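Working notes for the structure below.
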Amino acid sequence: MAELLALDEAVAELVHDGDSVALEGFTHLIPFAAGHEIVRQRRRDLTLIRMTPDLIYDQMIGAGCASKLIFSWGGNPGVGSLHRLRDAVEHDWPVPLELEEHSHAGMAARYAAGASNLPFGTLRGYVGTELLEHSEETVAAIDCPFTGETVTAVRALRPDVGIVHAQRADREGNVQIWGIVGVQKEIVLASKRSVVTVEEVVDELEPRPGAIVLPTWAVGAVAEAPRGAQPSYAHGYYDRDNGFYQRWDEISRDRDSFQEWMAEHVLTSAGVA
Amino acid sequence: MAELLALDEAVAELVHDGDSVALEGFTHLIPFAAGHEIVRQRRRDLTLIRMTPDLIYDQMIGAGCASKLIFSWGGNPGVGSLHRLRDAVEHDWPVPLELEEHSHAGMAARYAAGASNLPFGTLRGYVGTELLEHSEETVAAIDCPFTGETVTAVRALRPDVGIVHAQRADREGNVQIWGIVGVQKEIVLASKRSVVTVEEVVDELEPRPGAIVLPTWAVGAVAEAPRGAQPSYAHGYYDRDNGFYQRWDEISRDRDSFQEWMAEHVLTSAGVA
Amino acid sequence: MSTDMETAVSADEMMTVVAARALTDETVCFVGIGLPSTAANLARLTHAPRTVLLYESGTIGSKPARLPLSIGDGELAETADAVVPVPEIFAYWLQGGRIDVGFLGAAQIDRLGNLNSTVIGDYHRPKVRLPGAGGAPEIAAMAGEVIVIIRQSPRSFVDRLDFLTSVGYGVAPGDRERLGMPGRGPTIVITDLGVLRPDPETRELTLTQIHPGVSVDSARERTGWPLRVSEDLVETEPPTDDELRELRRLRATLEAPA
Amino acid sequence: MSTDMETAVSADEMMTVVAARALTDETVCFVGIGLPSTAANLARLTHAPRTVLLYESGTIGSKPARLPLSIGDGELAETADAVVPVPEIFAYWLQGGRIDVGFLGAAQIDRLGNLNSTVIGDYHRPKVRLPGAGGAPEIAAMAGEVIVIIRQSPRSFVDRLDFLTSVGYGVAPGDRERLGMPGRGPTIVITDLGVLRPDPETRELTLTQIHPGVSVDSARERTGWPLRVSEDLVETEPPTDDELRELRRLRATLEAPA
């Protein structure tokens with residue numbers, strides 16, 4: 001049974017320095033509130049895992065939470081670079097950041113393998129690319145025992161903590177997600193511990209088209225965090241703040257303006273711009 | 001784009017003697033009408049594939065359509081044996097039936113691998129069982145290239161034809177399925193050709209909780225077949241005819257009564273009891 | 001709490017009640033159809049209301065008011081917290097290590113709790129072709145522990161299985177670990193005569209509990225190997241009125257029209 | 001059909017219109033964000049109304065009225081025929097061989113159509129850290145064919161990629177087959193200067209079409225290798241009024257509030 005906790009309690013209890021942590025949400029339901037709480041609690045030396053690091057990891061990397069990033073596409077969607085990520089990779093600021101990079105298909109297969117309690121996932125991918133030269137620990141050729149054909153194995157991902165945002169939970173901790181569901185289910189099931197932030201806790205989860213339910217006994221902690229995916233979006237609650245994604249390009253380009261913004265909007269409050 | 005065909009046309013066009021054919025539907029949406037049409041068109045030497053052969057394969061086997069069965073559980077659920085299947089295996093009647101048997105988890109992994117265009121699926125399974133002694137062509141040990149752990153590979157299933165029943169299609173051939181979805185999506189995507197029978201063709205597929213949609217361009221043919229899953233059921237349309245499943249035990253126990261029933265209910269009509 | 005009803009308790013009822021009692025509350029349970037489903041639902045409707053039932057058709061948290069005849073009756077989907085595709089129920093939920101208890105039946109069991117649900121007689125020339133593996137091999141391997149329900153007779157409790165469909169404890173202690181099976185295996189085998197549990201050392205199934213009116217001798221006679229009997233053998237508490245009433249009400253729903 | 005609007009056609013508009021034209025109707029198209037998404041939606045809203053768009057966020061058959069800024073905007077889900085989990089969109093739909101056309105951009109391309117979207121400079125000490133692979137390597141491998149949209153300059157059309165993220169034709173003809181890639185690879189590369197297609201024999205990208213007002217010499221200057229030019233070089237038909245109007249209307253939706 002999931003514990004219903006306050007977000008600061010959930011992070012304090014479940015996220016530790018040095019952990020591998022995946023905050024997922026494929027452009028939708030990105031757990032910004034949880035990421036900000038991790039920044040406020042000054043976690044360090046995290047291995048951050050996420051297909052699309054997005055602004056939340058730009059902020060966490062710029063705040064010095066991470067020593068390693070496992071990812072597949074690290075840009076500001078439709079806008080350009082993630083400047084804090086680039087500054088960490090290009091200039092070791094504020095601390096050096098080790099990269100482990102994959103393709104989307106590879107990351108998705110790694111999560112699915114983790115959720116399936118398999119040591120590896122299989123796909124047709126990576127062949128012929130230079131990604132292979134930087135991923136010997138996590139990507140390998142594997143031969144089909146029936147046809148002899150060579151395909152690609154990717155190491156399963158089993159993060160210490162998986163964190164996602166969702167629209168709703170009921171009072172027992174059952175979680176409901178609809179719209180783009182991304183890898184939300186996979187990451188909760190693949191992780192040793194999990195936190196789900198939700199827009200609201202309700203008496204009953206009425207069935208909805210396209211909705212999935214994560215039963216309470218498969219979830220670690222549920223924390224209410226209204227607007228907790230902002231500036232990304234929560235289908236049925238609020239839209240993506242495309243303007244903020246565009247403004248972030250300017251805010252994050254410069255170390256000082258980034259730090260000012262973080263001081264004002266993250267370190268001193270529980271909200272986001 | 002799926003072709004909208006009459007069921008007899010769809011079977012005539014897409015199912016040939018000697019084909020491997022999967023009629024799927026995990027207790028729900030079993031494509032009885034399509035199976036009966038295959039019997040009426042007197043297809044022979046089929047490799048029938050299905051996790052739970054159920055009454056429909058008992059009928060097709062008893063009618064002499066099949067030379068091989070690939071399956072994981074061949075009983076009359078909650079009732080007992082499939083007598084026609086047993087008669088074929090135990091006494092080669094009406095023709096000998098080769099068996100290739102798996103576990104449910106293995107069959108599901110084989111379908112998923114087929115839908116994914118992979119030569120094999122991976123699972124933790126079969127180890128320590130005698131199933132291994134009869135499945136060297138389709139089950140093998142495989143070592144994780146990262147951890148060295150040995151897990152199990154199963155050969156992908158890519159049937160010549162996949163056939164499922166669904167609640168609805170629209171006039172473009174998009175298919176909607178809800179309730180227990182089983183392996184309906186997997187088998188349509190894994191098969192070289194596919195036929196979907198539906199309760200009705202409608203103008204618009206209104207979204208429903210728990211529903212999946214197979215887009216028309218992923219489907220071969222759609223054929224209207226009202227009550228086409230009877231005596232299994234179509235969630236939202238009609239219930240499972242548990243009484244018929246129980247009566248089948250008696251009807252099918254004896255070769256003569258089986259043949260009489262088939263003559264009366266299948267060979268001379270498009271319906272089922 | 002023995003009652004008037006007790007005299008009328010059938011062997012199947014006794015088995016089912018004892019199996020239901022073996023499920024503690026808040027257990028996540030992967031159930032097969034037939035007696036396992038009846039027992040699990042009886043537990044849910046009596047002492048274990050927060051028990052979670054998963055069926056291999058992909059229904060998670062089903063709370064059927066009427067007993068399903070098949071593993072995929074509509075009732076199971078309608079009352080579920082979630083319905084997932086069949087590949088997912090096996091990969092993410094069973095293999096993912098989310099199941100506390102698997103509930104299995106079989107045609108044959110051996111002294112190390114291995115199960116046969118495939119054939120009686122030779123595989124290629126079977127005397128009886130049984131339905132086959134279904135979900136059993138992976139439930140037996142992956143569930144946290146396994147409850148087996150099986151009628152006890154020399155034909156079902158055999159010295160040597162005609163076919164090993166699902167692994168209990170293999171051929172010797174330590175086999176499960178060697179085979180990489182995370183679950184503990186069959187921790188309890190419930191029959192119409194009593195209850196067997198694996199010996200902590202040898203894993204051999206040992207009669208630890210006997211139902212009212214059953215003699216140890218008759219249990220020995222209906223076992224195809226020299227049956228070990230626990231020194232602490234206890235007698236099964238007979239079904240209570242509540243248990244019987246609820247069980248009979250449940251079973252009646254199986255016959256009633258929808 | 002040249003018009004008054006033509007003089008005002010920007011290089012990006014020209015590229016986008018030409019890319020849209022490259023999509024025939026009833027094509028199943030896996031689209032990346034940015035110019036590919038704009039071009040695919042322009043095609044859908046003009047000559048190819050039955051084109052099916054899939055986005056890597058898992059939306060199948062999206063028909064957005066406004067252009068998405070990200071690959072997973074709510075509009076894409078709301079207007080989709082189906083929304084599936086991300087592992088499924090890659091495994092069943094892209095890898096499953098269901099995609100006719102993949103639409104890709106990149107930071108660098110070489111003469112055999114291989115793409116770099118990872119780094120400029122040394123991998124471990126990059127001059128510019130680019131976003132990385134995303135869905136591109138598998139789209140490049142698995143889609144029936146690939147349309148590439150990229151601005152042409154000596155920095156983007158390079159003799160040697162700084163990093164090979166996605167395979168075009170590898171290092172020699174036959175590499176795709178050797179690597180087991182079912183798709184045909186990049187059949188058309190659309191730039192702000194013209195259109196390149198692979199030579200049938202050598203697979204070397206060859207200028208086959210040039211946009212109005214662009215000289216072959218300027219195309220050569222903006223290519224980091226000795227550019228081959230087709231003997232049958234044609235000039236691009238300028239955008240029609242309809243194309244331009246629809247494109248500008250679409251692009252305006254990107255800026256407008258929801």
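In what follows, chains carry the letters A, B, and so on, assigned in the order in which the sequence lines appear, proteins first and then strands, with residues in each chain numbered from 1. This is a predicted model, so every value here is computed, not measured. Hydrogens, waters and symmetry mates are skipped; everything else that's a heavy atom, side chains included, is used.
In this structure, no portion of A:Glu206 lies under 4.5 Å from any heavy atom of chain B. Both the backbone and the side chain of A:Ala140 come within contact range of chain B, judged by heavy atoms closer than 4.5 Å.
With rounding to the nearest 0.5 Å, the separation of CZ in A:Arg124 from CG in B:Asn117 is 4.5 Å. If you take CD1 on A:Ile142 and OG1 on B:Thr122, they are separated by 6.5 Å, rounding to the nearest 0.5 Å.
Most heavy-atom pairs under 4.5 Å with chain B: of the set A:Val154, A:Asp143, A:Val213, A:Ile212, this distinction falls to A:Val154. The choice from A:Pro207, A:Ala153, A:Pro119, A:Ala113 that makes the most heavy-atom pairs within less than 4.5 Å of chain B is A:Pro119.
Considering only heavy atoms from C-beta on, A:Arg208 stays 4.5 Å or farther from B:Pro209 through its side chain.
Across all non-hydrogen atoms, the minimal contact from B:Pro145 to A:Phe120 is CD-CD2, 4.1 Å.
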